[in-house]
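Comments concern the structure below.
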There are 2 protein chains.
Amino acid sequence: MKFREAKNKFVQTWGALGSQWGINKTMAQIHALLMVSHEPVSMEDIMEELQISRGNASMNLRALMDWGIVYKEYKTGERREYFTAEKDLDELAVKISKERSKREIKPALKVLKEVSSIEADGTEEERHFVEQTSKLYDFVLKADNVLDKMTEHKDNWLAQILIKFMK
Amino acid sequence: MKFREAKNKFVQTWGALGSQWGINKTMAQIHALLMVSHEPVSMEDIMEELQISRGNASMNLRALMDWGIVYKEYKTGERREYFTAEKDLDELAVKISKERSKREIKPALKVLKEVSSIEADGTEEERHFVEQTSKLYDFVLKADNVLDKMTEHKDNWLAQILIKFMK
DNA sequence: AATAAATTTCATTTATTTTTGAAAGTTTAA
DNA sequence: TTAAACTTTCAAAAATAAATGAAATTTATT
């Protein structure tokens, strides 16, 4: 396999993986492209390489920056903007974890707390609902905390954790 | 909030959360419904409660069973099939982890290995590509292993892990 | 302050995913 | 062996999500 082919395959695969995890394909592809680029890339280049429109590129770059995993860069004497991706994978994972927690897990927890707090009358049906949603609340809260604890280990946390579990 | 309202809110929220993580909304809703039902539910009931078609119910129940998190049950003397969800949350998380690993992570790892193994000529561009995809391969492999190790702790693994990290 | 270069926005179009529903298939029991 | 009860399948329709592209906006330059 040659470089061009490999790069393309990587971008496509990362895009597909993104889709499967609820991230829009183009957003994941742009991210992939920036991850393996050794120097900052302009919007023009991204449009060209992924064959997408200016609007699409602009919106997804904005989204990636909102996630905190892509940065704008300026080159002196150049008007156009360049982009780079967070290349430290530990840092990347931490940012994604924190963001998903904030956007998706925390709001879900709020709802779980609400619905598990209803005044259940005596019926088996209601009793079971409250029990199950309470358990779910506890579980999700615990999972969210585990993720938080894991990612607060600063350097090379994944390796450290793996070692911990191995022994 | 009353029971009906709470149940509906839970189902909707679980459905939305599913979408955000790449699981189709109806599939997540059916799962939610079964999770909080104290007794097995028929396809008819599901169609009625979620206002969906027979085909939709059938296909998503099949998918949930393929994931190993919903089971068919038969009632003696009754022809129709009933469904229940895995209610043990530790077990549920383990099954989802294993399945996503098998379906999504493992294939992605295979590609990462391929593309990181190209014969890079001397250019900075190719050198960087190989380095970055290699790192990514290592990272994803490690993450996959961590998940595997975590979920093989049989009982109440999440709590155990949390304790581990607290100290 | 006028022009040029680049970026963002968003109504519309396009693509993708999900859902429907009716026909085909399966199972059970008379 | 057939017919009723129930489930699955899948082509077509509907709903949803994503992408386009041109106008509006912003930013830099003369």
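Side chains are part of it too, since the values below use all heavy atoms of this structure and drop only hydrogens, waters and symmetry mates. Naming: A, B, ... by sequence-line order, numbering from 1 per chain. Given the structure is predicted, the values throughout are model-derived calculations rather than measurements.
Of the candidates C/dT9, C/dT19, C/dT7, the closest approach to any side-chain atom of B/Ser53 belongs to C/dT19. Closest to the side chain of A/Ile52, from the set D/dT20, C/dT8, C/dC10, is D/dT20. Side-chain atoms of A/Ser58 lie closest to C/dT8 of the nucleotides C/dT8, D/dT9, C/dC10.
Residues from residues 61-84 of chain B placing a heavy atom under 4.0 Å of any atom in DNA chain D, listed by number, are B/Arg62, B/Lys72, B/Arg79, B/Arg80, B/Glu81. For the contact set between residues 26-49 of chain B and DNA chain D, defined by any heavy atom under 4.0 Å, the members are B/Met43.
The base-pairing partner of D/dT30, taking Watson-Crick or G-U wobble contacts with both distances under 3.5 Å, is C/dA1.
Geometrically, B/Lys75 engages B/Tyr82 in a cation-pi contact defined by less than 6.0 Å to the ring centre and at most 45° from the axis. Cation-pi geometry between B/Arg100 and B/Trp21 is not met at under 6.0 angstrom from the ring centre and within 45 degrees of the axis.
Without hydrogens or angle criteria, A/Ser116 side chain to A/Leu112 main chain gives a donor-acceptor distance under 3.5 Å.
Ring geometry for A/Phe139 versus B/Trp157: interplanar angle over 60°, hence perpendicular rather than tilted (30 to 60°).
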Chi angles and distances behind the salt bridge (charged side-chain N to carboxylate O under 4.0 Å, His left out) call for A/Arg103, A/Glu99: CA-CA 6 Å; A/Arg103 296 184 192 199; A/Glu99 206 61 24; 3.1 Å; yes
side-chain hydrogen bond (donor to acceptor under 3.5 Å, both in side chains), that's the test. Do A/Asn56 and A/Ser53 meet it? Break it down for me. CA-CA 5 Å; A/Asn56 196 6; A/Ser53 71; 4.9 Å; no
Apply side-chain hydrogen bond (donor to acceptor under 3.5 Å, both in side chains) to residues B/Asp144 and B/Ser101 and explain how you reach the verdict. CA-CA 7 Å; B/Asp144 193 50; B/Ser101 171; 2.8 Å; yes
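Remark: of the listed residues A/Arg62, A/Glu86, A/Met65, A/Met65 is the sole one forming a side chain to side chain contact (heavy atoms under 4.5 Å, CB included) with A/Val70.
Look at A/Asn24 and you won't find any side-chain N or O under 4.0 angstrom from OP1 or OP2 of C/dT16.
Look at CZ on A/Arg54: it is 11 Å from C1' on C/dT8, rounded to the nearest Å.
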